[in-house]
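In what follows, chains are A, B, ... by sequence order, proteins preceding strands, each numbered from 1. Heavy-atom basis, side chains included; hydrogens, waters and symmetry copies ignored. What you see is a predicted model, and the numbers here were worked out from it, not measured in a lab.
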Amino acid sequence: MAEAITYELLHVDKNSGARRGVVHTPHGDIQTPIFMPVGTQATVKSMSPEELKEDVKAQIILANTYHLYLRPGHDLVKEAGGLHNFMNWDRPILTDSGGFQVFSLSGLRKITEEGVKFSSHLDGSKHLFTPEKVMEIEEALGADIIMAFDECCPYPSDYKYTEKSMYRTTRWAGRCKEAHKTTNQGLFGIIQGGFYKDLRKISAEDLIAMDFPGYAIGGISVGEPKEEFLDILRYTTPLMPENKPRYLMGVGTPDYLIEAALAGIDMCDCVLPTRLARHGTALTSKGKLVIRNATYERDWGKLDDECDCYTCKNYSRAYIRHLVKTNEILGIRLISLHNLRFLTRLMEQVREAIEQDNLLEFREEFYQKYGYEIM
RNA sequence: GUGGAUUUGGUGUAGUUGGUUAACACGUCGGAUUGUGGUUCCGAAGAUCAAGGGUUCGAAUCCCUUACUCCACC
């Protein structure tokens with residue numbers, strides 16, 4: 001039986017570990033390395049699927065198991081014909097497992113070997129997520145790529161707890177694989193182990209032995225210093241199979257995306273572009289731009305001179321600042337569209353650079369303009 | 001004209017048995033944001049308390065004069 005998700009390696013940058021590839025899914029191919037916009041509740045906040053396709057040029061989006069389970073309920077989404085039909089998005093979708101909510105809802109949950117008991121953030125009602133339950137939900141949602149149920153440890157976590165948690169996440173991955181029945185969805189395993197290399201190695205080896213069609217690195221980019229992020233990223237990525245997609249979860253900022261690609265990562269996702277947009281900050285080739293600042297009051301230029309997006313084609317900083325200051329919805333939409341396009345375009349440039357074996361030079365130029373330092 | 005009330009950062013307000021750097025909200029200015037708990041979080045600037053005079057060790061607070069605004073009456 002053919003795998004739902006397969007990876008095709010096109011080219012490896014001769015001067016770095018970066019790889020240019022294609023992930024084949026039931027809803028089409030995605031060109032990698034790629035940035036995936038997050039649409040937690042079956043919508044990338046403020047963006048229509050048409051805008052995501054035509055303006056942002058997104059190839060795949062994320063949705064969230066935990067949120068959609070609570071509302072509207074996975075049974076309802078299934079009844080609608082799955083997420084693709086429900087939200088009118090015909091390209092690939094990836095669902096996160098709810099494992100991150102185990103981390104972000106700390107205080108409202110209890111972790112045991114069986115699974116995680118949650119209190120809903122909406123009404124306090126009690127729920128139990130087990131690997132089996134999460135598979136049931138993700139299968140009902142119908143995404144192309146589904147993530148195993150894991151635990152993302154906070155930073156910092158001590159060795160003993162991280163070790164215990166990592167082994168449990170591995171056991172949960174086994175139960176997910178056992179419970180996973182659909183043939184048109186690819187189940188990815190998630191490597192944990194916090195900031196301890198020996199644990200990362202064990203996690204990677206044990207998961208690889210289970211033969212998932214793709215692997216993710218979880219549990220980094222959780223508030224640690226950049227050196228530690230890079231250290232674990234550069235250590236863990238080479239442990240992952242070369243013939244399968246490599247997904248770094250929860251990243252991120254432009255520099256992290258470039259570093260991920262350099263390390264050999266294929267896929268990243270992050271809420272940052274849309275969250276920044278809602279808070280009035282734009283990403284530009286010259287760094288972050290807090291559009292509500294007074295200095296842009298009479299700035300008739302575009303958000304980013306180099307950007308080709310709909311927002312930059314049509315609207316000035318002064319106008320967007322006005323929209324943000326007056327809390328107008330269009331401000332959020334225009335900046336969201338721009339920020340998302342900024343990152344998808346960044347990854348287009350990264351892919352091109354890999355094809356030409358010069359991602360390292362691209363990083364240097366990008367960092368210099370943006371104001372980052374190479375570490 | 002008479003009587004009463006009011007006047008505190010840009011705006012709206014809190015602040016009396018007189019007691020160190022006058023509080024709050026909004027606004028302004030700036031920062032944050034990394035597998036989204038959907039207008040969030042953090043910080044800063046900004047008031048000689050209408051003006052002048054008086055009482056007092058000490059006044060936004062008590063007294064006097066003037067001005068301003070509002071209400072009522074003639």
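When the C1' atom of B:U34 is taken as reference, atom CG of A:L272 falls 6 Å away, rounded to whole Å. B:U34 atom C1' lies 9 Å from atom CG of A:L257, rounded to whole Å. Atom CD in A:E224 sits about 13 Å away from atom P in B:U33, given to the nearest Å. Atom-to-atom, CD1 of A:I291 to P of B:U33 comes out at 18 Å; the value is rounded to the nearest Å. Rounding to whole angstrom units, OH of residue A:Y296 and P of B:C29 are separated by 13 Å. Atom-to-atom, CZ of A:R292 to C1' of B:G31 comes out at 8 Å; the value is rounded to the nearest Å. One can place CZ of A:R71 at 15 Å from P of B:U36, the figure rounded to the nearest angstrom. One can place OH of A:Y247 at 9 Å from P of B:G35, the figure rounded to the nearest angstrom.
Comparing the C1' positions of B:U13 and B:U55 gives a spacing of 30 Å, expressed to the nearest Å. To the nearest whole angstrom, the two P atoms, one in B:G12 and one in B:U7, are 12 Å apart. The same atom, C1', is picked in B:C71 and in B:G9; the two are 28 Å apart, to the nearest Å. Distance check on atom C1': B:A14 versus B:C42 gives 25 Å, rounded to whole Å. Straight-line distance between the C1' atoms of B:C57 and B:G3: roughly 38 Å, to the nearest whole Å. Nucleotides B:U69 and B:G27 have their C1' atoms positioned 24 Å apart, rounded to a whole Å. Atom name C1', nucleotides B:G43 and B:G35: the rounded distance is 30 Å, in whole Å. Separating the P atom of B:U6 from that of B:G46 is a span of 31 Å, rounded to the nearest Å.
Residue A:L276 is classed as a base contact, given a heavy-atom separation below 4.0 Å to a base. Residue contacts for A:G219: at a heavy-atom cut-off of 4.0 Å it reaches a base atom on one of the strands shown. If you check every strand for non-hydrogen atoms under 4.0 Å, A:V290 touches sugar and phosphate atoms only. Within 4.0 Å of A:Q192, counting heavy atoms only, lies at least one base atom of the nucleic acid. Using a 4.0 Å heavy-atom criterion, one finds that A:S46 contacts no nucleic acid atom at all. Counting any heavy atom pair closer than 4.0 Å across all strands shown, A:K226 reaches no nucleic acid atom. Across all strands shown, A:R321 has heavy atoms under 4.0 Å from sugar-phosphate atoms exclusively, and none from any base. Residue A:L62 is in sugar-phosphate contact alone, with no base atom involved, counting any heavy-atom pair closer than 4.0 Å across all strands shown.
In this structure, A:R168 pairs ionically with A:E151, as a charged nitrogen and a carboxylate oxygen lie closer than 4.0 Å. Under a 4.0 Å N-O distance rule, the pair A:K177/A:D211 does not qualify as a salt bridge. Using a cutoff of 4.0 Å between basic side-chain nitrogens and carboxylate oxygens, A:E352 and A:R20 are not scored as salt-bridged. Ionic pairing of A:K369 and A:E365 is not present here: no N-O contact between side-chain nitrogen and carboxylate oxygen is shorter than 4.0 angstrom.
A:F118 does not carry A:K126 over the face of its six-membered ring by the limits of under 6.0 Å from the centre and within 45° of the normal.
Residue A:H67 has a polar side-chain atom (N or O) positioned under 4.0 Å from OP1 or OP2 of B:G37. The side chain of A:Q101 places an N or O atom within less than 4.0 Å of a non-bridging phosphate oxygen (OP1 or OP2) of B:U36. The shortest distance between the side-chain N/O atoms of A:K288 and the OP1/OP2 oxygens of B:U34 is not below 4.0 Å. Within the structure, every side-chain polar atom (N or O) of A:N293 is placed at least 4.0 Å from both OP1 and OP2 of B:U28. Residue A:N64 has no polar side-chain atom (N or O) positioned under 4.0 Å from OP1 or OP2 of B:G35. Using a 4.0 Å cut-off, some side-chain N or O of A:T40 falls inside it from OP1 or OP2 of B:U36.
Around NZ of A:K164, the count of heavy atoms belonging to other residues, nucleotides or ligands within 6.0 Å does not exceed 12.
In this structure, B:C73 and B:G1 make a Watson-Crick or G-U wobble pair, each of the two defining distances being under 3.5 angstrom. Across the strands present, B:U17 finds no partner; the criterion is a Watson-Crick or G-U wobble pair with both atom distances under 3.5 angstrom. Base pairing of B:U39: no nucleotide in any strand meets the Watson-Crick or G-U wobble criterion (both distances under 3.5 Å). Summarising the base pairing, B:U65 is matched to B:A51 through a Watson-Crick or G-U wobble pair whose two defining distances lie under 3.5 Å.
Among the nucleotides B:U36, B:U34, B:U28, the one closest to any side-chain atom of A:V251 is B:U34. Minimum atom distance to the side chain of A:Y256 is reached by B:U34, of the listed B:G30, B:U34, B:G35. With B:U36, B:U39, B:U28 as the candidates, the nucleotide lying closest to the side chain of A:F100 is B:U36.
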Determine, stepwise, if the pair A:K133 / A:L128 fulfils side chain to side chain contact (heavy atoms under 4.5 Å, CB included).
CA-CA 8 Å; A:K133 180 70 182 178; A:L128 174 66; over 6 Å; no
Kindly indicate, with the supporting measurements, whether the criterion salt bridge (charged side-chain N to carboxylate O under 4.0 Å, His left out) is fulfilled by A:E51 and A:R333.
CA-CA 10 Å; A:E51 288 165 327; A:R333 278 175 39 69; 2.7 Å; yes
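Contact annotation: side chain of A:R278 to base of B:U40, donor-acceptor pair absent below 3.5 Å. A donor-acceptor contact under 3.5 Å is not formed by the side chain of A:R275 with the base of B:U33. Side-chain to base pairing of A:S104 with B:U36: no donor and acceptor N or O lie closer than 3.5 Å to each other. A donor and an acceptor atom sit less than 3.5 Å apart, one in the side chain of A:D150 and one in the base of B:G35.
Under the 30°/60° scheme for interplanar angles, the aromatic rings of A:Y372 and A:Y370 are found to lie parallel.
B:U39 has no stacking from A:H279 on its base ring, since the centres under 5.5 angstrom apart and planes within 30 degrees of parallel are not both found.
When each of A:C152 and A:V324 is assigned the nucleotide of RNA chain B bearing its nearest heavy atom, the one mapping closer to the 5' terminus is A:C152. The 5' end of RNA chain B is approached more closely, in terms of each residue's nearest nucleotide, by A:G252 than by the other of A:G252 and A:I329.
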